[in-house]
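Small disclaimer: the values here were computed from a predicted structure and weren't measured. Only this structure's heavy atoms are used, side chains among them; waters, hydrogens and symmetry mates stay out. Residue numbers begin at 1 in each chain, while the letters A, B, ... track the order of the sequences.
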Protein chains: 2
Amino acid sequence: MAGDGTRSFGVLTEMSGFLLSMAQAHVYRMDEQLEALEGLSTAQLSVLTVIHENPGIRHGEVAEMLVIKLAYMTKLLKGFESSGWVERQSDPADRRAIHLSLTPEGKAVVGRTLPRLLAHDAERPNGLTPREIGQLKRLLTKYLGLPERDEG
Amino acid sequence: MAGDGTRSFGVLTEMSGFLLSMAQAHVYRMDEQLEALEGLSTAQLSVLTVIHENPGIRHGEVAEMLVIKLAYMTKLLKGFESSGWVERQSDPADRRAIHLSLTPEGKAVVGRTLPRLLAHDAERPNGLTPREIGQLKRLLTKYLGLPERDEG
DNA sequence: TATTGTTATACTCTATAACTATA
DNA sequence: TATAGTTATAGAGTATAACAATA
């Protein structure tokens, strides 16, 4: 922060939105150096993971789950297809829809990189104790309306 | 989410980084409709607030505090200058440095819009109780290594 | 008419690097 | 040599809208 050490955020730090944005920036900054993902970004790996977890999921469903714009999903999926990681299958009952699944190569990529990201996430430096990290994850899960996972 | 209602994020939800990213996306989505900021984005208002709170702060210090790239800060500040909200003053002791402060108009804009953003932030829908929001803010503050504010 | 997905454009912000002017 | 800030370019991702195919 430099200067005289008295720099202040004022009331910004009273807003959950500001704090979440700053925390995300912190995560982004830590993750950008991560070379264990074979060139994948965390966002890309999230998409592959969701397809892996939900074989046959539709294009638009993935976009909605991950809050990614449909128009941008199209671009991402094109890349995954040309990498040979994702297959599309059009629905015979509704031929507008496209169902997605991972190829064996796609599954292998997720199998290699996702555990590395998990480990990295658990070790990413922050000011919290392991117990507090657990609290934070529980609160964020509820914040987002996601189903709770019963931790060990 | 549509489909059969059994869509899963798999282990993604075990990662604080993923949850923070999703929460930030949620905030962004809620805030983009906010018309009370007179055309300002929340990021822009954050910059103005930090200058307001720390008159004379240097260009690069603002960028570091808010985790904004220096190159992009230059562009933002140009816009603020041409809006007549921010003034630059070069440091006579170190003529590379630029000190920033708000004009009366800049202060007026912050005075009008910041309270509206505060109110909006407190009302942004989420799955937490007010007490849990307080916990979340406290954990994020500590996560980021920011000084604690003693809440009422 | 509404919905699924595609394409294209403008815009925001990061990553990077070359550059000026100081120190 | 290093630091503060500027400028430029490439890329990720959003906002928006027009479009094709299908329902």
message: When you measure from the side-chain N and O atoms of A/Y28 to the phosphate of C/dA15, is any distance below 4.0 Å, counting only OP1 and OP2?
response: yes

- request: Check whether any side-chain N or O of B/Y72 sits under 4.0 Å from OP1 or OP2 of C/dC13, and answer yes or no.
  value: yes

Separation of atom [atom1] in [X] from atom [atom2] in [N], rounded to whole Å:
X: A/Q24; N: C/dT14; atom1: CD; atom2: C1'; result: 12 Å
X: B/R88; N: D/dA4; atom1: CZ; atom2: C1'; result: 12 Å
X: A/M30; N: C/dA15; atom1: CE; atom2: P; result: 12 Å
X: A/L77; N: C/dT7; atom1: CG; atom2: P; result: 12 Å
X: A/I98; N: D/dT22; atom1: CD1; atom2: C1'; result: 12 Å
X: A/L70; N: D/dT16; atom1: CG; atom2: P; result: 15 Å
X: B/Q44; N: C/dC13; atom1: CD; atom2: C1'; result: 12 Å
X: B/K75; N: D/dT6; atom1: NZ; atom2: C1'; result: 11 Å

Nearest to side-chain heavy atoms of [X], which nucleotide of [options]:
X: B/T74; options: D/dG5, D/dT22, C/dT6; value: D/dG5
X: A/K78; options: C/dT7, D/dT6, C/dC13; value: C/dT7
X: B/H59; options: D/dT6, D/dT16, D/dA2; value: D/dT6
X: B/S41; options: C/dC13, C/dT6, D/dG5; value: C/dC13
X: B/K69; options: D/dG13, C/dT14, D/dT6; value: C/dT14
X: A/R95; options: D/dT22, D/dG13, D/dT6; value: D/dT22
X: A/E32; options: C/dA15, C/dC13, D/dA4; value: C/dA15

- request: Working to the nearest 0.5 Å, report the span between NE2 of A/H59 and CE of A/M73.
  value: 4.5 Å

query: How many angstroms lie between OG in A/S16 and CG in B/D121, if you round to the nearest 0.5 Å?
result: 4.0 Å

message: For B/L76 and A/G60, find the nucleotide of DNA chain C closest to each by heavy atoms; which residue's nucleotide sits nearer the 5' end?
response: A/G60

task: Nearest-nucleotide wise, let me know which of A/R29 and A/H99 is further upstream toward the 5' end of DNA chain C.
output: A/H99

Determine the contact category for [X]: base if any of its heavy atoms lies under 4.0 Å from a base atom, sugar-phosphate if only primed atoms, P, OP1 or OP2 are that close, otherwise nothing.
X: B/A25; value: nothing
X: A/A43; value: sugar-phosphate
X: B/A93; value: sugar-phosphate

statement: The answer to which of A/I68 and B/R96 contacts DNA chain D further toward the 5' end, by nearest nucleotide, is B/R96

- prompt: Considering heavy-atom distances to DNA chain D, does A/V67 or A/D94 have its closest nucleotide positioned more toward the 5' end?
  reply: A/V67

message: Show, in sequence, the C-alpha distance, side-chain angles and deciding distance for A/E38 and A/R112, and conclude whether the salt bridge (charged side-chain N to carboxylate O under 4.0 Å, His left out) test is met.
response: CA-CA 9 Å; A/E38 305 183 16; A/R112 281 197 306 273; 2.7 Å; yes

query: Quick one: do A/E148 and A/R138 make a salt bridge, cutoff under 4.0 Å?
result: no

message: For B/K137, is there an ion pair with A/E14 - N to carboxylate O distance below 4.0 angstrom?
response: no

- request: Measure the shortest side-chain to side-chain distance between B/H120 and B/R124 over non-hydrogen atoms and say whether it is less than 4.5 angstrom.
  value: yes

